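For reference, the structure discussed in these notes is given below.
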Amino acid sequence: MAAGIVQYVSDSEYLVKGMNEWSKDWERRGWRRKTGPLENADLWQKLKQVATAHTVDWRWVRGHNEHVKNEYANFVAVRSAEQQERSNGLIPSGFDTWLAQQRARGKYVAFDPDEELHEHK
């Protein structure tokens with residue numbers, strides 16, 4: 001991945017298509033859809049504002065489909081919901097520890113975390 005590019009990966013097809021395909025039209029129409037109001041327009045506006053400061057590569061991955069990092073994100077989200085935790089900001093990742101635990105169970109053994117860093121060279 002080239003320097004200065006943020007790769008944003010989500011299992012929300014709505015989010016990725018919204019940013020890649022639809023947000024320009026929503027913005028042009030005053031943050032409205034063709035058929036009426038845009039739900040969460042304030043959040044889309046904030047996201048668009050933050051994204052303009054970067055070159056963002058919006059990517060979709062199928063959720064619950066053995067994508068290692070998506071599975072970890074789901075683990076963190078479920079755990080936080082069950083424990084009613086709020087981060088109020090950045091928290092240490094914990095991905096390496098989780099991955100080691102998964103590998104001890106025989107999962108994701110072939111996953112190379114560094115491979116993604118070099119896939120766009």
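Starting from 1, each residue takes its place in the sequence as its number. From a predicted model like this one, the values you see are computed outputs, not experimental measurements.
Checked against side-chain contact (heavy atoms from CB on, under 4.5 Å), Gln83 has the following partners two or more places apart in sequence or in another chain: Arg79, Glu85. Partners of Ser12 under the side-chain contact (heavy atoms from CB on, under 4.5 Å) rule, at least two apart in sequence or in another chain, are Ser10, Tyr14, Leu15. Partners of Glu39 by salt bridge (charged side-chain N to carboxylate O under 4.0 Å, His left out), not counting sequence neighbours, listed by chain and number: Arg33. The side-chain contact (heavy atoms from CB on, under 4.5 Å) check on Val78 picks up Asn74, Glu82, with sequence neighbours excluded. Among residues two or more places apart in sequence or in another chain, the side-chain contact (heavy atoms from CB on, under 4.5 Å) test is passed with Ser87 by Ile91. Residues forming a salt bridge (charged side-chain N to carboxylate O under 4.0 Å, His left out) with Glu13 (at least two apart in sequence, or on another chain): Lys17.
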List the atom pairs, with distances to 0.1 Å, where a side-chain N or O of residues 98-108 and a protein N or O form a donor-acceptor pair under 3.5 Å, not counting sequence neighbours.
| from | atom 1 | to | atom 2 | distance (Å) |
| --- | --- | --- | --- | --- |
| Arg103 | NE | Tyr108 | O | 3.2 |
| Arg103 | NH2 | Phe111 | O | 2.2 |
| Tyr108 | OH | Glu66 | OE1 | 3.4 |

Can you give each donor-acceptor pair under 3.5 Å made by side-chain atoms of residues 42-51, sequence neighbours left out, with the distance rounded to 0.1 Å?
| from | atom 1 | to | atom 2 | distance (Å) |
| --- | --- | --- | --- | --- |
| Lys48 | NZ | Ser23 | OG | 3.1 |

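Cluster note: Val9 groups with Val61 through ILVMFWY side-chain heavy atoms spaced under 4.5 Å, whether in direct contact or through intervening members.
For residues 89-100, there are no salt bridge (Lys or Arg N to Asp or Glu O under 4.0 Å) pairs, not counting sequence neighbours.
To the nearest 0.5 Å, atom NE2 of residue His64 and atom CG of residue Asp11 are 6.0 Å apart. Put simply, OH on Tyr72 and CZ on Phe95 are 8.5 Å apart, with the number rounded to the nearest 0.5 Å. In this structure, CD in Gln84 is found 10.0 Å from CZ in Arg86, a value given to the nearest 0.5 Å.
The shortest non-hydrogen separation linking Val56 to Tyr8 is CG1-CB, 4.0 Å.
In this structure, the side chains of Arg59 and Gln7 come closer than 4.5 Å at one or more pairs of heavy atoms. In this structure, Arg32 and Leu38 have side chains that are not in contact, with every pair of non-hydrogen atoms separated by 4.5 Å or more.
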